Amino acid sequence: MNHRHLVLNEDSEFAFHCHDGLECFKTCCRDINIYLSPYDVLRMKNFLNLSSEDFLKEYTLKVQVPHTGLSIVQIDMSKDNKLRCPFITPKGCQVYQERPWSCRMAPVDMLGGGKYSFIFESSHCHGLNETKKQTVKDWLQDQGLEIYDETEQGFNEIPNHLKLTGNPETDEKLKQLFFMACYDIDRFRTLLMNNPSLYEELSLDQEAIDEIKHNDVQLMKFGFKLLCLGSKPLTNLIININGIN
């Protein structure tokens, strides 16, 4: 069966079970691009008890998104001569409890429009030859993927609003603000706390300010909303922001 050519919907049933008895166990965790969403970074850095800045420096690479000038992140596998994920141990994934979205999805692949397929063939992923069956919908629920839609709402819309201006100094600050608000949220929180006038400019009440100060998820959501204001309002805001560099 050619799994990568199959097209499924959420009610389609498929066989899959990954376990340490498979010959391929952990081989899918090497020489592959694993991109991290903002919520992935938040969960993983907290699980490892690291600041966002330290987590990003130790475990990720910046990747520029074509035609935007903005950067996203992926796991840095270059430090291992076998291009192995740095979180893989002899017993499995060190961060399995807070593993990234893409690792939760695998081996299922989203095609868009409610359609799904697979990212591996059964010759590579022997778990696809197992007998345990589930529907795509059950798989997504079991992997804890539903929370991402609500938590990261607005993130994918940012490039539609945040456009570079052509002014090198302004654009560099906009790019840095994007990266901090989406990924380096501990630095983003410090930035906001060092510039309290921003709270007034953005008409934030005390409840919202307290959430931003103490709740990582609310801070991340605020960052998305801020970036979706667009480049023109943010150009005025970043004039008053110190400490981005």
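Given the structure is predicted, the values throughout are model-derived calculations rather than measurements. Values below: all heavy atoms of this structure, side chains included; hydrogens, waters and symmetry mates excluded.
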Using the rule that Ile, Leu, Val, Met, Phe, Trp and Tyr join whenever any side-chain heavy atoms are under 4.5 Å apart, tell me whether [X] and [Y] fall into a single cluster.
| X | Y | result |
| --- | --- | --- |
| Tyr39 | Val65 | yes |
| Leu61 | Leu50 | no |
| Trp101 | Ile88 | no |
| Val7 | Phe16 | no |

Approximate separation, where rounding is to 0.5 Å, of [X] [atom1] and [Y] [atom2]:
| X | Y | atom1 | atom2 | answer |
| --- | --- | --- | --- | --- |
| Ser123 | Asn129 | OG | CG | 8.5 Å |
| Lys137 | Asp11 | NZ | CG | 7.0 Å |
| Asp216 | Ser52 | CG | OG | 8.0 Å |
| Leu164 | Ser231 | CG | OG | 6.5 Å |
| His126 | Cys18 | NE2 | SG | 11.5 Å |
| Leu70 | Lys175 | CG | NZ | 8.0 Å |

message: In this structure, is the centre-to-centre distance between the rings of Phe87 and Tyr59 below 6.0 Å?
response: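 Distance test on ring centres: under 6.0 Å, yes.
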field: Phe118 ring center near Phe14 ring center (under 6.0 Å)
entry: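 So the answer is yes for these two rings.
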- request: List the steps, then state whether side-chain hydrogen bond (donor to acceptor under 3.5 Å, both in side chains) holds for Asp109 with Ser117.
  value: CA-CA 5 Å; Asp109 187 20; Ser117 189; 6.0 Å; no
Taking the side chain as C-beta and beyond, is there a heavy-atom pair between [X] and [Y] under 4.5 Å?
| X | Y | answer |
| --- | --- | --- |
| Phe25 | His19 | no |
| Leu226 | Leu237 | yes |
| Leu229 | Leu202 | yes |
| Phe155 | Pro38 | yes |
| Leu204 | Ile212 | yes |
| Tyr183 | Ser71 | no |
| Phe178 | Leu162 | yes |
| Thr190 | Leu192 | no |

task: Go through the steps for Ile72 and Phe179 under the test side chain to side chain contact (heavy atoms under 4.5 Å, CB included), then give the verdict.
output: CA-CA 7 Å; Ile72 58 176; Phe179 192 80; over 6 Å; no
Under 3.5 Å donor-acceptor, [X] side chain and [Y] backbone:
| X | Y | answer |
| --- | --- | --- |
| Trp139 | Met105 | yes |
| Thr60 | Leu56 | yes |
| Lys173 | Glu169 | no |
| Lys26 | Thr89 | yes |
| Arg104 | Gln143 | yes |
| Arg30 | Lys82 | yes |
| Asn195 | Ser197 | no |
| Asp184 | Glu53 | yes |

Other residues, nucleotides, ligands: >12 heavy atoms within 6.0 Å of [X] [atom1]:
| X | atom1 | result |
| --- | --- | --- |
| Glu13 | CD | yes |
| Tyr96 | OH | no |
| Asn49 | CG | no |
| Gln97 | CD | no |
| Lys132 | NZ | no |

Regarding [X] and [Y], does a basic nitrogen lie under 4.0 Å from an acidic carboxylate oxygen?
| X | Y | value |
| --- | --- | --- |
| Asp210 | Lys213 | no |
| Asp54 | Lys45 | no |
| Asp20 | Lys91 | no |
| Glu150 | Lys221 | yes |

I need the minimum non-hydrogen distance between [X] and [Y], along with the two atoms involved.
| X | Y | answer |
| --- | --- | --- |
| Cys24 | Gly127 | SG-N, 4.4 Å |
| Gly230 | Pro233 | O-CD, 3.4 Å |
| Ile238 | Thr170 | CD1-O, 3.8 Å |
| Lys163 | Pro159 | NZ-O, 2.8 Å |
| Met77 | Ile34 | CE-CD1, 3.5 Å |

- request: Take Asp205 and Tyr199 through the side chain to side chain contact (heavy atoms under 4.5 Å, CB included) test and state the conclusion after the steps.
  value: CA-CA 8 Å; Asp205 59 28; Tyr199 297 140; over 6 Å; no
Distance-only side-chain donor-acceptor flag, [X] / [Y], under 3.5 Å:
| X | Y | value |
| --- | --- | --- |
| Tyr148 | Asp40 | yes |
| Gln176 | Arg187 | no |
| Glu152 | Ser37 | yes |
| Ser51 | Asp186 | no |

- request: Please list, chain by chain and in numerical order, all residues satisfying salt bridge (charged side-chain N to carboxylate O under 4.0 Å, His left out) with Asp76, sequence neighbours excluded.
  value: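 For Asp76, no residue satisfies salt bridge (charged side-chain N to carboxylate O under 4.0 Å, His left out) once neighbours in sequence are set aside.
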message: Among Met180, Met193, Met220, which residue satisfies the side-chain contact (heavy atoms from CB on, under 4.5 Å) criterion with Phe188?
response: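 For Phe188, the side-chain contact (heavy atoms from CB on, under 4.5 Å) check succeeds only for Met180.
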field: side-chain contact (heavy atoms from CB on, under 4.5 Å) partner of Leu174, chosen from Asn167, Leu234, Leu227
entry: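 Of the listed options, the one satisfying the test is Leu234.
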message: Quick one, Val41 with Phe55, criterion side chain to side chain contact (heavy atoms under 4.5 Å, CB included). Give me CA distance, side-chain angles, the key distance, then yes/no.
response: CA-CA 8 Å; Val41 173; Phe55 173 84; 4.0 Å; yes
- request: Carefully, step by step, assess Cys182 and Ile158 under the rule side chain to side chain contact (heavy atoms under 4.5 Å, CB included).
  value: CA-CA 10 Å; Cys182 292; Ile158 293 171; 4.0 Å; yes
